[in-house]
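Counting starts at 1 for both ligands and their atoms, in listed order.
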Amino acid sequence: MSIVEGGISGAQIVESEPVVSDVVIIGAGFAGIGAAIRLQQRGIRDIVILERGQRPGGTWRDNTYPGAACDIPSRLYSYSFAPNPDWSRTYSGSSEILGYIDAMVADHDLDKLIRYGSNVTGLTFEEEYGRWRIEVSDGTRYARTVVVASGPLSTPGFPDIPGIADFAGKKIHSAAWDHDYDFTGKRVAVIGTGASAVQIIPEIVKKAQAVSVYQRTPGWVLPRLDRPVADRTQDLYRKVPLTQKLARKAWFYGHESVALAVVWDTPLTRLVSWISKAHLRQQVSDPWMRRQLTPDFRPGCKRLLMSSDYYPALQKDNCTLVTWPIAKIVDNGIRTVEGIEHQADCIVFATGFEVSKQGSPIPIFGRDGRELAAEWKKGAYAYKSYAVSGYPNLYLTFGPNSGPGHNSALVYMEEQIEAIALTIDTILQRDLQLLDVRRDVQDWLNDDLQRRLTKTTWNSGCKSWYLTDDGFNATMFPGFATQFAQQMRSVDLTADFTAVAARWPVVAGK
Ligand code: N01
């Protein structure tokens, strides 16, 4: 790290200098909470968490649709620094996961750091002061460092289908469920057949009078082998924590091996499609329906779906699979292109999220007035997924190219959080005005990353939320989780960054 003298002298500081927090974290979901814990464990106390909602939990606070559960085993879909011996099932439901997040907040006394109802609308780096100005719904804040932990899957995405506003019945998005709506006796249309839909549909068919499922692209479905965790196993995990660590490791390496099948095209890819087709054959006897449900893209290109009750639900007497494309939504239902009008009392949109692969999640202005949204117009990029050149002292969780296709997102998140905590600790310890990634290093790493991505399954021709409309992959990491961990552990604050030392007294935050 080449440190140059900079900043302004103490004499230039005016009396009315605002309060500047050491760290502001945007979002109190898994990432924000995890970042706060690891920062605190490094002795950093002056942290404010800005959360636009009214409670912590992020995606698990919002996604409470019936059947919401994780499709990665809980032992692995949790932080290694916050092990939970009490998981009740292999794959926990959303309320249990939310309980886990609440427990972390309570155990680490984080509630006092969180400002609820605080929606961040803009970030501007004030270089002369080495701080970020943060526009929040209730005023302006300042921080020496910012962690953007708002998550890519936080804003419900409604499809661009004509007539959507004309529908006179009930509209529900999977990520904003209305628990007061009673599905009993209703005609329900479900649009989408992705990871959320395959969890919702089996629950809705239990209640509704009729369910029509609008499928645009069938996905690869694998059985989900969910089991309750035995009391004696939980006891063992409590009494001998090493056993829980080993169980997590076993799940981790089990998932790592899946990369060989879903990240690249290998003989194991054929094995996955064979297992999935066998699952389809076993669960669906009608050959025409099997054909409608058979994907025409490589397994892993879109997220693999894990469900043992989705196909049976589709075959219930009150369920219809509609594969004709939707022409428009009308006041009393959905019209498909062959001219049939399917009446519905309610439309469930299981259509995913507004993922900002191109723009930044919030307007962010860095050094010399540059704007992240403009720089990311053709697709987002960063240095090792967590920092962007020209935007010093600002760090991303789930940043560009940090998505896994085969392993737990929390494993990746944890590695990013460690890098973030190390970097922020360095800025504060050394009292740096700014620490900025070298552009040449960032470009070189991204060229290499994009070269590696061309060989992956995600770039093999299907359409998914991982890619921009132009096919740029700003979402996934082309490798094993082990390689991602290596990448994050090899963040080089000396060679890959430039630093400017502060020369003014730091104003303590509150
Ligand atoms: O959203 P999706 P999701 N007309 O984007 C369809 C995570 N997650 O909420 O495939 C008709 O996957 C669209 O069709 P197509 C996970 O990372 C995790 O299900 O584009 N259909 C698709 O079927 C996941 O990847 C868990 O042809 C339209 C569906 O809507 C991410 O969340 C559980 C349409 C959208 O599927 C998003 O999953 C659930 C249109 N105009 C979710 N527009 C875990 O367990 C869209 N569709 C961890």
Atoms in ligand 1 with a heavy atom of [X] nearer than 4.0 Å:
X: Ile161; result: 4 (N), 41 (N)
X: Gly194; result: 19 (O), 23 (O), 36 (O)
X: Thr217; result: 10 (O), 15 (P), 27 (O)
X: Pro159; result: 34 (C), 40 (C), 41 (N), 43 (N)
X: Ala350; result: 29 (C), 30 (O), 35 (C)
X: Asp71; result: 44 (C), 45 (O), 48 (C)
X: Leu153; result: 7 (C), 17 (O), 31 (C), 32 (O)
X: Cys70; result: 45 (O), 48 (C)

Is the shortest distance from a Lys or Arg side-chain nitrogen in [X] or [Y] to a carboxylate oxygen in the other one below 4.0 Å?
X: Arg224; Y: Asp309; answer: no
X: Asp178; Y: Lys170; answer: yes
X: Lys463; Y: Asp469; answer: no
X: Asp447; Y: Arg451; answer: no
X: Asp265; Y: Lys455; answer: no

Top protein contact for [atom], by heavy-atom distance:
atom: atom 19 (O) of ligand 1; result: Ser196 N, 2.8 Å
atom: atom 16 (C) of ligand 1; result: Arg303 CD, 3.4 Å
atom: atom 6 (C) of ligand 1; result: Gly192 CA, 3.6 Å
atom: atom 2 (P) of ligand 1; result: Gly352 CA, 4.2 Å
atom: atom 8 (N) of ligand 1; result: Ala195 CB, 4.1 Å
atom: atom 13 (C) of ligand 1; result: Arg216 NH2, 4.2 Å
atom: atom 23 (O) of ligand 1; result: Thr193 N, 2.9 Å

What pair of heavy atoms forms the shortest contact from Phe353 to Ser154, and how long is it? CD2-N, 4.0 Å
Heavy-atom count around Trp264 CH2 within 6.0 Å, excluding the residue itself: above 12? yes
Exceeds 12 heavy-atom contacts within 6.0 angstrom, atom CG of Asp107: yes
Taking the ring of Tyr77 and the ring of Phe30, is the distance between their centroids below 6.0 Å? yes
Aromatic contact, Trp87 with Tyr100 (centres under 6.0 Å): yes
Contact list for residues 325-337, test side-chain hydrogen bond (donor to acceptor under 3.5 Å, both in side chains), sequence neighbours left out: Arg335-Glu341, Thr336-Glu338, Thr336-His342
Would you call [X] a ligand 1 contact, heavy-atom distance under 4.0 Å?
X: Ala69; value: yes
X: Met306; value: no
X: Ile191; value: yes

Is the backbone N or O of Ile114 less than 3.5 Å from a side-chain atom of Glu51, with the two atoms forming a donor-acceptor pair by type? no
Check: of Trp465, Tyr77, Phe297, min heavy-atom distance to atom 31 (C) of ligand 1 comes from Trp465
Between Ile72 and ligand 1, find which residue part has any heavy-atom pair under 4.0 Å and reply side chain, backbone, both or neither. neither
Mode of Lys302 contact toward ligand 1 - side chain, backbone, both, neither (heavy atoms, under 4.0 Å): side chain
Would you mind telling me which of Lys384, Arg38, Arg489 makes a salt bridge (charged side-chain N to carboxylate O under 4.0 Å, His left out) with Glu418? Arg38
